Structures are given as C-alpha cells and as structure tokens.
Colleague: 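Here it is, the structure, as structure tokens.
Computed from a prediction, not measured in an experiment: that's the story for all the values here. Letters A, B, ... are given to chains in the order of the sequence lines, protein chains preceding strands, and every chain is numbered from 1.
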Amino acid sequence: MYDVAIIGCGVIGAATAYQLSRYDLKIAVFEANNDVAAATTKANSAIIHAGYDPVPGTLTAKLNVEGNAMTEEICAKLSVPYKKVGSLVLSFEPENDAMLEELLRRAKANGVPHAAILTRDEALAIEPNLNPEIRGALYTPDSGIICPWEYALAMAETAVRNGTELFLSCPVTGLAPEDSGYVITTPKGTYRAKYVINAAGVHADDVHALLEEPDFRITPRRGQYYLLDKSEGGVVKHTIFQCPTKMGKGILVSPTVHGNLIVGPDAEDLTDKADVSVTAAGLVMLGNMARLSVPTLTTRNNIRNFAGLRAESDSEDFIIRESENFPGFFDLAGIRSPGLTASPAIGRYTVGLLEKAGAKLTEKKDFIDHRERIVFRDLPFAEQQKLVEKDPRYGRIICRCETITEGEILDTFKTPIPPVSINGVKRRCNAGMGRCQGGFCSPRVHAIIARELGIPMEQVLMEDEGTFIVQGETK
Amino acid sequence: MKDYELIVVGGGPAGLAAAAGAWEAGLRKILIVERDVELGGILNQCIHNGFGLHYFKEELTGPEYAGRFIKRLAGTDIEVLSDTMVLDVTEGPAVLVSGRECGCRLIQADSVVLAMGCRERTRGAISIPGSRPAGIFTAGTAQRYINIEGYMVGSRVVILGSGDIGLIMARRLTLEGAKVLACVEVMPHPGGLSRNIAQCLNDFNIPLYLSHTVTDIIGKDRVEKVIVSQVDERRRPIPGTEMEFECDTLLLSVGLIPENELSRRAGIEIDPRTNGPVVYGSMETSMPGVFACGNVVHVHDLVDNVSDEGERAGRSAAEYVLGGDKDAAPDGKAVSLKNGEGVTYTVPQHIYPSAGAADVYFRVAHTFDKSVIRVLDDGEEVLSFRRARMAPGEMEKITIPADKAAALKGTVTVLAQEA
C-alpha cells in the first residue's frame, strides 16, 4: 500500500514526486513510456517564463511566478542547465503597443519582480539582430532557458534517491476506489494507494475517465520547432517573443541552454494524442514568422525539426484540485504553457492539497537534495586532465559534435533512472544531440547500451518499445 | 624545441598521405592523431572495390587502399596516437588532445595538417516533414552498421539522394537480401559518379527518380512508409504527384559537409562555397604553418585525388618547416581564384604565380555536354580546356602550366560554357 501514487512522469509528475519525497511517504510513480520526460516535457520551447502573460488572479499566474522564483535554486542543487537570459516581447503594429502595456500591467499584478517597456532603440541596443521596424518591446530579465528533460529527470532521480518507486513502461489501465484509497491496475500488476495524483499530461482526461466521466477535455495542441546549429546560437541573446499580429499568433526565437537556437512553435489542435509529426507548411510558416523578429535568420543550418503536444484544456486556468466525487484523487490537468516554469510550484501546491486532504506529512531527516553530473567539456583543462588520469574513459570522446566522453555515457547507467534507449542516453548526457545528430556516435552508443544492459544489438531501442534499429546480423 | 615537426589531425586517406608526403620530403618527427581505434578513416567501412584506379593503377577495396598507405608508413618513424580526439588547434601551432591512453594534453608542433574529413548532412539539414520513427539512417551510418558492426538496418529500403555512398549502399543492401525500392534525387541529375549509377542501380534494376523528393515519413515506432513527390524546377513538390512506398527504412545520402569545427574555432578562414578552409596552392590555410587536405577542404568523389592533395599538403608542410622561411607572408604575391559562370567553387582559392604549375579543382553547377572551361586573368582569357561532358557529381581538374601561372597578375576566374 502506497501513500501516494502519481500517474505520469513528465515534469509535473516528476516535480510532484520531488516535492513529496521530502516527507515520510511511500510513493509510487507510474509512467506509460519507457523513460521519464518522454512526451510533452522533452518537446517544448524550454523557457522559464517570468509570469507577465497569465491573467492576474488565476492559479496559472500564481504558480508561474512562484515556479520561476524556485527554478534557480533547484537547478543549482540538482545540476540542471539553466540560464536567466531575459526576454523581449516585440511590438510590430500600433495595436501591439496596447498589448505591451497590458502585459506590463499583468506583470505588476502577478508580482513579476522586473519588467519594463523599451523603446525601439533600447531594444535594438541590447539585441542588434532584431527587425529594425519594431516599435518597442516588453523586457524582463527574469525569464530564462532550461533543459526541460534534464529538469524533469533530475527531480525524478532525486525522488527515487529518496525512496520513491518508479514504474516505467507501466500505463495505468484501471482505477477503482476502495475503503482506504484506490486500486490501480497496470499490465505489471495491481497496486494500492491512499492518494492518487493524475499528472498524465495530454492523457489526463483519459486517466480521470477511469474513475468517472471528467468535466474537462484535453486537446493535444501540436507545436513544431526548428533547432538550429550552434553556429546560429548567438543570433539573439534573449528569448524573443512576438505580439500577435495580422500574420499570426507569434512564435519565439531563443538561444537554448545547449547553445543552439530554437524557433517555434506553431499551434494546431489535433485529435491524435500521439501525432508529433512535422509538416512542410508548418515549417515554412515558422521560418517566415521568425524572420519578422530576426530578418537575417536562416534555417539553412537546421539540425533537427520536432513537434510536441501541449495539454490544452477547455478550462482557462490550470486544473489542479481534488475530485469532488472521489476524495483523495487529484487532477493536475490542462498544464499548458507555462507548465514547465510552474512545475516545482505545482508540486509544492499539491503537497498542500494533500495536507488539506488529511495526509500526514513528516519531513525526512535525511532527505538528499542534490545531484551531480560530470560534464567533461565544461570542466577547466586542469580538471579535465585530473579526471582522465583517474579514469581514462573520460578521455575517450564518443560524441564528437558535443564532446561527450565514454565516461559520461557510462555514468548514465549508474543513475537512479538508467537509460534504456539511444535517446535515453542522449537526454542524460547529450551524446548525439549535436550537428551530426548521432551519425557518428549512435552505433557506438548502441554497442555501449547492448553491453551495459546485457542485451543483443537487435534489442536496443531508439526510443520506446518497437523502435528497434537493427534487424539481425548480416549474411 | 617543439614536440613534433608536424602533427596530422586525422588518420584517414588525406592524413595518411600527408604524413607520407611529409616524411618523404624530409620531416622526421611526425605525429598522426586519429579519433578511431584504427587508421584508415571512412575507407575501413568502404568494403567495395573501385578505389585506386588513378593512384595505384589497379582496383582496390577501401581497406586495401588504406592498407597500402599504412604499410608505407610502417617503414617510417611516424608516430600514431589512435583513439584520440583533437579538441582544439591553437596558434603556435599546437593541438589539444584527449584520449584514453594519452590523457588530456597540449602538443606543440612546427606545423599542422588538418585532415578531419567530412560528415553527412542529416534529415534536419533538409527538414523532411513527417514523423520521427526508428529506421532513418544517413547512408554512411548504415554502412558502418552493416560493414563494421555486422548488422542489417532494414529489409525494405528507400534511398533519398543519389550521392555515391547512397548508391553504394543500394547495391550493398540488395546483396545482403534487402529490397531497395527506389533511389530518389531532388536534382534533375544524379549526385554521384556515373559508374556508380550503372553498377549500383541499373545493374540491380533499382529505379532512380530524378527531380523527386521525400515529402512525408509515416510510422509510429519504425518507418512504415514514405511519400515521394515530383518537384518543379525550383525544387518545390508538385501536388498530385505523390507515390507511396511501403518500407521500413529510409537512407539519406543528401550531401557531405567538410568537418571544420576545429578550423573555425582556431579562427582559420573558411570559404562559404566549399565549407572548407581557404587554401593556397600549397594547401596552406590562412593560419601560418597550418595546412589542410582532403574532404575537410572540399568534398572529393575519388580517394585518389584526396591522396594527391594530402601528399601535396605534407610536402608543403615539410618545405615550411625545413625552409626556415616562416615569416614570409604567404599572401604577399598570391593571386586569387574566383568561380565564374557554370562553376561553383575552386580549390585552391589563391595561388602563387611563382610556385610553378598549378592544379585547380572545381565542380560545375549543372551537366554540360560538349563544353569549354575558360581561365580569365582580370577578364582576359589566358587558357581554355575542352570537355566532352561535365557533371556536378564529378570533380574537374585543370592544370595551369608554370609559364602561364607565372604571368598571372589579377583576379583569376574559372568558368564553364557550352561549346
């Protein structure tokens, strides 16, 4: 019998597990995919928003600003790449100026520490590659960029390190109330928990439907992206947003924590909750829209296109509450943008909801609240030398584009949530995420996975079940 | 006293030839740094034959070709640091290396030859729409899986791009029992050598669709099918021309990019036309004492030419080190070469009129039948060469004789016209 079961281990499930694992609770996390952070969390803009966008008074506004304030400390403790680069929202048309004023008003109402409207010249002075025809910009230094999957992974790993049990490839297929809590059915067995937290992202309505017809619907809203080579990473220094114009809702251009440039997303409501394909029309639109902000931007040095699904709901606000009909069952649903930013605050808020519902919370005395990861290329030369002397595997570069060593790849298998796929390795140490996209290193990483997991080459996966790479030996 | 007279970055065909050329020209302290465990570079996975027809006047496989050079080095005192990556090339020159055996250290040299080769363009580089299942490989990665690791990558295959590696893989996959359904090329002409079109596609009845491209990839876990559409003269897909291929694998052979991250970080001037360092006839780059050769300079189609270029770079490095004239500004008396109509680039980009006969390599922009290559000096024609046929997939070479080279004064333009 678990005290708490969390369904879904994207950034919301991971952050909730992380916040709950501070207490003496027996926690289980059920994730349908074979890795954490494998859906919406791995495919988004990777922005820590300041909080000037949500309507004041909403839960979204409160948790956005709180989450933003919590990010820096968590990232420092858990070794997550994060940079407070600041952001600009550009005005292109006279109507946009009123929008900037409105955003500034919201920023103040929501408690965003710093925000100001810059003139055209002021904006161009700090960001010279912007379209000289902009009228002005809302500036805030409080927004940042982050590695979203490592953020979720780091919080999930920390929860596991503190006793949380994580079940991967374990979709919840049944939920039923019983006297002291809930019975949870999965293909791997039946489990019981006093409290159940639904953090199933785009599937949150489906999970709720295992108990009763939900009063909300989740629509997968697809967003497509370009990820450009590091050669383009310095085109802008801040995250550049656009006010909506006649041309569309606006897309962002931003550096990433890995040094690339990200361009996107568009927004298209789908019915298929697994459709993350990119479209020719969508990509052309992104390029054109991005050049409205940065006219010199070229997608010629693109290294990858991808798409993610936002969990868009029919509610204006995040749906974070205990079920009326099923006490002890909590929805964390409709967590659209700024969900990544809000995630640690959502986790903390959920702890509060559990406490209100009667959960006994005793803080652990021996809570482990740190995580370290060796990143060879970021070390000073003298430390690189020392490291290689101690363990020569850190001297052997496997991923040339990102300078990732064999030692770093092997480290991932010693973590609380070891990888089971090539992309799992990529998310944990960046091998294969550079400009050749694994062309050189993927056969090597493939062989390391086979060796470390003790499985034949044919069984090594690119991502989830069924994504096999090779088919058997040659003649 | 520096650690070495010459450090060669990369032990593929270019680096091996450079080391051999430098040794034969008199250098005695030479180090090759190779990131793989074995010397030979990409030749090791090119187990087909057809290498060496020009250089050795016989047909060899890739590993055999590499073997000839490795044997040539075996009689020398050239040192090899394998399984070692060069992290940086700095002025001095010096190289920062990292490897299991040697650890992390800085090695000083009188000269450096850059021979890092090239990498393949990926799906991202051409933004192919669709889903992102397993089963999409660059041709070279598939070649490594099959020829080095010994694993098949799929059983029903479509190949996008008609570059040489893609063509070679069409034949290789067929021989291994896979069904290659189509080779699809966005340009109106093939990307690879004519002999490979004949021997790798035609001989196996694999259809080649020119002016076509992949416009969608379908598949959740593994590729299930790809959609191929015809394109117009501006390479835009034509609606209504879609063809569907049920397959489990898509191979990409959509171009090679010289791998110049080290060169760029070192501040060496890069030519946007080749994506390689700007070089003089000696293969010297804009950084004194640093030379470059092979696919890191421009993508070759024949390894034989890579070997020639490598030897030239090695000999030049030896002259630079042994000549002692290290302060002579290389660009003082040089003239610049420009590509004119019908030509996409030239290598070298600068030559010294006083340095004797000059070999100039270039590619044409489209196919030519009976045609003429003209060399202009400030607009005045100084030389012309006749050709029966030229294609972008086949690198062209002309030699400017010593007397004509010596007379060059202005900007030299190389252009191609129908005769």
Colleague: Measure B/L175 against the heavy atoms of chain A and call it side chain, backbone, both or neither at under 4.5 Å.
Modeller: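 When you check distances to chain A, only backbone atoms of B/L175 fall under 4.5 Å.
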Colleague: Heavy-atom distance under 4.5 Å to chain B: side chain of A/F468, backbone, both or neither?
Modeller: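 Answer is both: backbone and side chain atoms of A/F468 are under 4.5 Å from chain B.
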Colleague: Counting only heavy atoms closer than 4.5 Å, note whether B/R144 contacts chain A via side chain, backbone, both or neither.
Modeller: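 It is the side chain, since no backbone atom gets that close.
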Colleague: Using the side chain to side chain contact (heavy atoms under 4.5 Å, CB included) rule, pick out the option among A/K273, A/R221, A/R310 that qualifies with A/V202.
Modeller: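 Running side chain to side chain contact (heavy atoms under 4.5 Å, CB included) over A/K273, A/R221, A/R310 with A/V202 returns exactly one hit, A/K273.
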Colleague: Name the region of A/R444, side chain, backbone, both or neither, that has any atom closer than 4.5 Å to a heavy atom of chain B.
Modeller: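 The answer is the side chain of A/R444.
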Colleague: Is it the backbone or the side chain of A/T279 that comes under 4.5 Å from a heavy atom of chain B, or both, or neither?
Modeller: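 For A/T279, backbone heavy atoms alone lie under 4.5 Å from chain B.
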Colleague: Assess whether ring pair (Phe, Tyr, Trp, His ring centres under 6.0 Å) is satisfied between A/F376 and A/Y394, documenting all intermediate values.
Modeller: CA-CA 7 Å; A/F376 175 83; A/Y394 289 105; 7.7 Å; no
Colleague: Check whether A/Q385 gets within reach of chain B through its side chain, its backbone, both or neither, counting any heavy atom under 4.5 Å.
Modeller: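 It is both, since atoms from each part get that close.
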Colleague: Answer yes or no: are there more than 12 heavy-atom neighbours, outside B/E101 itself, under 6.0 Å from its atom CD?
Modeller: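 Atom CD in B/E101 is not crowded, with 12 or fewer foreign heavy atoms closer than 6.0 Å.
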Colleague: What part of B/V37 is in contact with chain A, defined as an atom under 4.5 angstrom from a non-hydrogen atom: side chain, backbone, both or neither?
Modeller: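 Only the side chain of B/V37 comes within 4.5 Å of chain A.
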Colleague: Where does B/T215 contact chain A at under 4.5 Å (heavy atoms): side chain, backbone, both or neither?
Modeller: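 Nothing of B/T215, per the 4.5 Å heavy-atom cut-off to chain A.
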Colleague: Which bit of A/T299 comes within less than 4.5 Å of chain B, counting heavy atoms only: side chain, backbone, both or neither?
Modeller: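 For A/T299, neither part sits under 4.5 Å from chain B.
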Colleague: Can you tell me if A/H446 uses its side chain to pair, donor with acceptor, with the backbone of A/M457 under 3.5 Å?
Modeller: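 Such a contact is found between A/H446 side chain and A/M457 backbone.
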Colleague: Where does A/L283 contact chain B at under 4.5 Å (heavy atoms): side chain, backbone, both or neither?
Modeller: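 Interface part for A/L283: side chain.
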Colleague: Side chain, backbone, both or neither: which part of B/D248 has an atom under 4.5 Å from a heavy atom of chain A?
Modeller: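 For B/D248, side-chain heavy atoms alone lie under 4.5 Å from chain A.
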Colleague: Examine whether an atom of A/E465 lies under 4.5 Å from a heavy atom of chain B, and if so say whether it belongs to the side chain, the backbone or both; otherwise answer neither.
Modeller: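 Only the backbone of A/E465 comes within 4.5 Å of chain B.
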Colleague: For chain A, which candidate among B/A134, B/A142, B/G140 shows the most heavy-atom pairs at distances under 4.5 Å?
Modeller: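 When all of B/A134, B/A142, B/G140 are compared, B/A134 has the most.
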Colleague: How close do B/V296 and B/P277 get, heavy atom to heavy atom, and via which atoms?
Modeller: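 Scanning both residues, the minimum pair turns out to be O-CD, 3.2 Å.
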Colleague: Between B/C102, B/S155, B/G135, B/P237, which residue shows the highest count of heavy-atom pairs closer than 4.5 Å to chain A?
Modeller: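 Sorted descending by pairs with chain A, the first entry is B/S155.
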Colleague: Could you look at B/E120 and say if it's the side chain, the backbone, both or neither that has a heavy atom under 4.5 Å from chain A?
Modeller: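 Neither the backbone nor the side chain of B/E120 comes within 4.5 Å of chain A.
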Colleague: Contact part of A/Y226 toward chain B, heavy-atom cut-off under 4.5 Å: side chain, backbone, both or neither?
Modeller: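 Just the side chain, heavy atoms under 4.5 Å.
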Colleague: Output yes when a side-chain donor or acceptor of A/D378 lies under 3.5 Å from a complementary backbone atom of A/V375, and no otherwise.
Modeller: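 Not confirmed, A/D378 side chain does not pair with A/V375 backbone.
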Colleague: Relative to chain B, which segment of A/N305 carries a heavy atom at a distance below 4.5 Å: side chain, backbone, both, or neither?
Modeller: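 Both parts, backbone and side chain.
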Colleague: Under 3.5 Å, is there a donor on one side chain and an acceptor on the other for A/R435 and A/N301?
Modeller: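 No pair is found: no donor N or O on one side chain lies under 3.5 Å from an acceptor on the other.
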Colleague: B/S127 versus chain A, heavy atoms under 4.5 Å apart: side chain, backbone, both or neither?
Modeller: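 For B/S127, backbone and side chain are both near chain A.
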Colleague: Given a strict heavy-atom distance threshold of 4.5 Å, which part of B/E259 is in contact with chain A: side chain, backbone, both, or neither?
Modeller: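 The answer is the side chain of B/E259.
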Colleague: Heavy-atom pairs under 4.5 Å with chain A: which of B/T84, B/L106, B/L96, B/V223 has the most?
Modeller: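 Option with the top pair count is B/L96.
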Colleague: Quick one: what part of B/R35 sits under 4.5 Å from any heavy atom of chain A, side chain, backbone, both or neither?
Modeller: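 Only the side chain of B/R35 comes within 4.5 Å of chain A.
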Colleague: Testing the basics here: between A/G434 and A/E402, what is the closest heavy-atom pair and its distance to 0.1 Å?
Modeller: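 Shortest heavy-atom separation between A/G434 and A/E402 comes out as CA-OE2, 3.2 Å.
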Colleague: Provide the closest heavy-atom pair for B/I128 versus B/I217 in the form atom of the first, atom of the second, distance.
Modeller: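 Reported closest heavy-atom pair: CG2-CD1, 3.8 Å.
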Colleague: Between A/V278 and chain B, with a heavy-atom cut-off of 4.5 Å, which part of the residue counts as in contact: side chain, backbone, both or neither?
Modeller: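 Backbone plus side chain of A/V278, per the 4.5 Å heavy-atom cut-off to chain B.
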Colleague: Shortest non-hydrogen contact from B/Q108 to B/D3?
Modeller: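 Taking B/Q108 first and B/D3 second, the nearest heavy atoms are N-OD2, 2.8 Å.
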Colleague: Is it the backbone or the side chain of B/D88 that comes under 4.5 Å from a heavy atom of chain A, or both, or neither?
Modeller: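 Neither part; nothing is under 4.5 Å.
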Colleague: Please state whether the side chain, the backbone, both or neither of B/I148 comes within less than 4.5 Å of a heavy atom of chain A.
Modeller: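 Neither part.
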Colleague: Determine whether B/H48 and B/R172 satisfy the following criterion, side-chain contact (heavy atoms from CB on, under 4.5 Å), listing intermediate values before the conclusion.
Modeller: CA-CA 9 Å; B/H48 54 284; B/R172 184 80 185 99; over 6 Å; no
Colleague: Heavy-atom cut-off 4.5 Å, strictly under: side chain, backbone, both or neither for B/Y145 against chain A?
Modeller: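 Side chain of B/Y145 only, per the 4.5 Å heavy-atom cut-off to chain A.
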Colleague: Is B/R265 salt-bridged to B/E261, cutoff N-O under 4.0 Å?
Modeller: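 Here B/R265 does not pair with B/E261 in a salt bridge, since their nearest N and O are not under 4.0 Å apart.
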Colleague: Does any N or O in the side chain of B/S253 come within less than 3.5 Å of the main-chain N or O of B/G166, such that one atom is a donor and the other an acceptor?
Modeller: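 Answer holds: yes.
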Colleague: Looking only at non-hydrogen atoms, find the nearest pair between B/G276 and B/N260 and report the distance.
Modeller: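 Smallest interatomic distance, heavy atoms only, reads CA-ND2, 3.4 Å.
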Colleague: Using every non-hydrogen atom in the two residues, find where A/D275 and A/L270 come nearest and quote the distance to one decimal.
Modeller: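 The pair with the smallest heavy-atom distance is O-CD1, 3.5 Å.
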